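On a predicted model such as this, the values are computed, not experimentally measured, just so you know.
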Amino acid sequence: MRVLWFSNTPSLSAKFSGDITVGGSWIESLEYELMTSSDIELGIVFQELSKESQEIRSDSTDTKYIMVPRHPHRKFDRWISRFFVRPNSQRSLKEYLRIVASFKPDVILFFGTESDFPLIIPELKIPSIIWFQGNLTVYNRMYESGIKVRKAFYKESLKNILWGNSVLHQYLNFQGLVEREKKIFSIAHNFIGRTDWDRRLVSIMAPQANYYHCDEPMRRSFAEKKWIQWQNRDKLVIITTIRENIYKGLEMVYETSCILSQRLNMSLEWRVIGIREYTTYAKAARQKANCSKKLSPVTLLGFKSGSELAQELLNADFYVHPSHIENSPNGVQEAMLLGMPVIATNVGGTPSLLKDGEEGILVQSGDPYALAGAILELYESPHKAKKMGEKARILGLKRNDGKKICSDLLAIFDKLILDTHNSADH
């Protein structure tokens, strides 16, 4: 079977792929599982800032990687595009179709609805399917749940404003992506998802499409390690992994840490991976929480490699995910694989990952008091926290069965191909 992916990451490409910590690492894991558990010919298309397409071969995998230009690629044109929403480049779509014709896949898999890749679906004569990741339409409704864009904009540097990199420019660009995503949902024929939330969204936003369930594999290194509950130390360490998006709940971290600091009889250390110090988001979050950087127990660690992230998790007492909207956050799943107690906001697809009171605790989004109470509850009940972590690991390992995931995915591909042939025969 020849399979062509259109991906928002270069996956395991040796030339372009880094050790991704937040977001795309599960796609790398999926490629690894497929390459070790199945006999398929895989091609992966991804975007980079370049003038022309380039085929890449890696010494570590048989996958064919195809880098395509991200338009516009010139600095001046990119600067202009940040101020004026432009339609998708027809040049890009023609290049995607050229690659399809050259590779001759039996099936095409698009990762997510955030990029312009799926816009070629109406021109395809072979089966295609979109792997549901997030949903910009809903994210847009939750965008200002924690911090208002206008408030964050006051913290922007003049350089970011002039270069079109401010939170306001990002927000306006997001609106254009939402409209494109709605079009993609209207032309899609098939979706893969893994939560009740994404299944329900597909039933409403793409009623013409079929929906298939398939879990996503996490990095094997997290399943190979195991968290051990810390005993008799003089501080409480919390770890969080989120992106630098304004709706990810960083202000909740600051607000909750201030509340907790007044109740704990030991020092608190809250370490956040995926957000850098001195960013506009960090400044706005601290302002919203009325929290001094010098006095705050929160430390922003920026980006970490997979091995560094795993070590940070193993050194912590709890994993906390404060986001205002999610589908299936990698951070939650990787913490569960390690066997950590997890506390997360009850949003989007997160309730499909763990059951409240069993594998972790779910709290109301935007409520730092409930989040602080949940952390205090597990802190004061270490036996309960340990039991939750053990249950989380059992569920995580079951969900992260690479061979089953590959089998399920290949069965979906087989059905798509068979249905297409049967349709052609009639």
- Query: Are E28 and R219 within salt-bridge range, i.e. N to O under 4.0 Å?
  - Reply: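 Result for this pair is no, no salt bridge flagged.
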- Item | All pairs passing ring-ring contact (aromatic ring centres under 6.0 Å, His included) where residues 341-360 contributes a residue, at least two apart |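 Checked against ring-ring contact (aromatic ring centres under 6.0 Å, His included) - neighbours excluded - no pair reaches residues 341-360.
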- Message: Applying ring-ring contact (aromatic ring centres under 6.0 Å, His included) as the test, list every pair that has at least one member in residues 239-284; sequence neighbours left out.
- Response: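 Pairs touching residues 239-284 that pass the test: Y139-Y247, Y143-Y247.
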- Which heavy atom of L119 sits nearest a heavy atom of R180, and at what distance?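 Taking every non-hydrogen atom into account, CD1-CD, 4.0 Å.
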Check whether any side-chain heavy atom of [X] lies under 4.5 Å from a side-chain heavy atom of [Y], and answer yes or no.
X    : Y    : answer
V298 : L300 : yes
F103 : I108 : no
D196 : P351 : no
R286 : S296 : no
F185 : I130 : no

- Item | Sidechain-backbone polar pair: K226 side chain, G339 backbone, donor-acceptor under 3.5 Å |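 No; judged by distance alone, with no hydrogens or angles, the pair does not exist.
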- Chi angles and distances behind the side chain to side chain contact (heavy atoms under 4.5 Å, CB included) call for K182, V178: CA-CA 6 Å; K182 290 179 180 178; V178 168; 3.9 Å; yes
For the residue pair [Y] / [X], report whether a side-chain donor-acceptor contact shorter than 3.5 Å exists.
X    : Y    : result
E31  : S11  : yes
S53  : E95  : yes
N327 : T195 : yes
Q333 : E216 : yes

Residues forming a side-chain hydrogen bond (donor to acceptor under 3.5 Å, both in side chains) with [X], sequence neighbours excluded:
X    : value
D317 : R233
D408 : K404
K235 : E269

- Query: Where do E144 and R150 land on the salt bridge (charged side-chain N to carboxylate O under 4.0 Å, His left out) test, with the steps shown first?
  - Reply: CA-CA 10 Å; E144 297 185 286; R150 175 174 53 85; over 6 Å; no
- Please collect all side-chain hydrogen bond (donor to acceptor under 3.5 Å, both in side chains) contacts where either partner lies in residues 335-361, sequence neighbours excluded, each pair once.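 For residues 335-361: E358-K391.
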- Please work out which of the three classes, parallel, tilted or perpendicular, describes the rings of F111 and W131, given edges at 30° and 60°.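 Plane angle under 30°, so parallel.
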- Message: If you apply the rule side chain to side chain contact (heavy atoms under 4.5 Å, CB included), what do you find for E114 with L136, and how did you get there?
- Response: CA-CA 7 Å; E114 299 89 345; L136 303 181; 3.8 Å; yes
